[in-house]
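Here's the structure, in C-alpha cells; my notes come after.
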Amino acid sequence: MIKVNSKLSMIIFASLILSAGISALFTLRNNDKRAETATTQQVAESAAEDKNYTPSIVVETETDVLQQLNAPKAEKETETAEIKEKTAPKEKKKASNKPKKKMVINISEDDYYNLIRIVEAEATDCDIKGKILVANVIINRVKRYDFPSTVTDVIFQGDGEQFSPISDGRFYSVTVTSETEQAVRRALYGEDYSQGATYFATLYASRPGTWHSECLVKLFEYGDHAFFDT
C-alpha cells in the first residue's frame, strides 16, 4: 500500500511539473508574439513618420557650393569695377583741365640749335643758373620791340657783333653739354632770373669807364657776368 501510494504521488508530481512547464512555455510564446507585434508596429509607425518627414536642410549640389564659394570674390570684383568706373571720369577730367605749359617765345629748330650753342659759348664755365641767365637775356631781346623778333636774328644782329663768340668763332666750335641743353629748356619754359636784362658782359668788360657801365643801367652781378638794361 505504501509502494502504490508512492508511485501515484510521483505520477501526480510529474504531471504537475509537466503542466507548469507547458503553461510557462505558452506564456513565453505569447510574450514573444506581443513583443514582435509591438516591434512591428513601431517599425511601421517610424516608416510612416519618415515618409511624411520633410527635411529642413536642402542638400546643395556641387554647382550651388561653388557659386557660394565664389560669391565673395565676384562681389569684390564687381565693387572694384564700379569704383574704377566712378573714378575714371574724374581722373580724365582732372587731366584734361590741367593747363599745358608753353614756351615763352615761338622758336624754330634752327633757333633752338643756335640758342644752345651761344649759351654754351658765352657761359662755358658757369653753373646752370648762369647759363639760364644768358638764355634769359636773349629771350628778353626777342620779346622787346627794339630787337629782332627771332633768336637767330638776335644772335647774328649786326653781323654777329652783339656776341663775341660769333666774331671769334667759338660759337662754331663748342661742344654743347646736357647741362646747357637743360638750362635752355628751363629758360624757354619760363624760368627767369634776369630782372628784364637785355645785356650782359664779363666783370672785366663792364668795369667803370667801359661802354656797358657808361651807357647802360647795371641791374646785378652773378658769377663772372654783370647784367644790364637800357
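No hydrogens or angles considered: nothing links the side chains of Asp110 and Ser108 as a donor-acceptor pair under 3.5 Å. Neither side chain, Ser167 nor Ser164, offers a donor N or O lying under 3.5 Å from an acceptor on the other. In the model, Thr202 has no side-chain atom that pairs as donor or acceptor with a side-chain atom of Asp224 under 3.5 Å.
Taking a cutoff of 4.0 Å between a charged side-chain nitrogen and a carboxylate oxygen, Lys129 and Asp127 do not qualify as a salt bridge. The residues Arg144 and Asp229 are annotated as salt-bridged, a charged nitrogen and a carboxylate oxygen being separated by less than 4.0 angstrom.
The closest donor-acceptor contact from the side chain of Asn140 to the backbone of Asn136 lies under 3.5 Å. Panel note: side chain Arg141, backbone Val154; no donor-acceptor pair is recorded below 3.5 Å. Side-chain atoms of Arg117 never come within 3.5 Å of backbone atoms of Val176 as a donor-acceptor pair (strictly under, hydrogens ignored).
Pairing each heavy atom of Ala121 with each of Pro165, the nearest pair is CB-CB, 3.5 Å. Taking both residues in full, the closest heavy atoms of Asp153 and Pro148 are given as CB-CB, 3.5 Å, listed atom of the first, atom of the second, then distance. Nearest heavy atoms, Val134 versus Glu122: CG1-CB, 4.1 Å.
No side-chain heavy atom of Arg207 sits less than 4.5 Å from a side-chain heavy atom of His212. Considering only heavy atoms from C-beta on, Cys126 comes within 4.5 Å of His225 through its side chain. Side-chain contact between Val217 and Thr230 is absent, with no heavy atoms from C-beta onward closer than 4.5 Å. A 4.5 Å side-chain heavy-atom check between Val151 and Leu115 finds at least one atom pair inside the cut-off. Counting heavy atoms from C-beta on, the side chains of Phe171 and Phe156 come closer than 4.5 Å.
In the displayed structure, Asp146 atom CG is contacted under 6.0 Å by more than 12 heavy atoms of other residues, nucleotides or ligands.
Linking ILVMFWY side-chain heavy atoms closer than 4.5 Å, directly or via other members, places Tyr113 and Ile155 in two distinct hydrophobic clusters. Under a hydrophobic clustering in which Ile, Leu, Val, Met, Phe, Trp and Tyr are joined whenever their side-chain heavy atoms come within less than 4.5 Å, directly or via other members, Tyr193 and Phe220 fall into the same cluster. Linking Ile, Leu, Val, Met, Phe, Trp and Tyr residues whenever their side-chain heavy atoms come within less than 4.5 Å places Tyr172 and Val184 in a single cluster. The same ILVMFWY cluster, assembled from side-chain heavy atoms under 4.5 Å apart, contains both Tyr112 and Val137. In terms of hydrophobic clustering, with Ile, Leu, Val, Met, Phe, Trp and Tyr side chains grouped at heavy-atom distances under 4.5 Å, Tyr222 and Ile118 are assigned to a common cluster.
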**OP:** Evaluate the criterion side-chain contact (heavy atoms from CB on, under 4.5 Å) for residue pair Arg170 and Glu120; output intermediate values, then yes/no.
**Re:** CA-CA 9 Å; Arg170 286 185 293 121; Glu120 184 68 54; over 6 Å; no

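Applying the side chain to side chain donor-acceptor pair (under 3.5 Å) rule to pairs touching residues 181-190 yields Arg186-Glu191, sequence neighbours excluded.
Note that OG1 of Thr150 is 5.0 Å distant from CG of Asp111, once rounded to the nearest 0.5 Å.
Residue Phe228 is found in a hydrophobic cluster whose other members, listed by chain and number, are Phe147, Tyr199, Trp211, Leu216; membership requires side-chain heavy atoms under 4.5 Å apart, directly or through intermediates.
Under the 30°/60° scheme for interplanar angles, the aromatic rings of Phe163 and Phe200 are found to be tilted.
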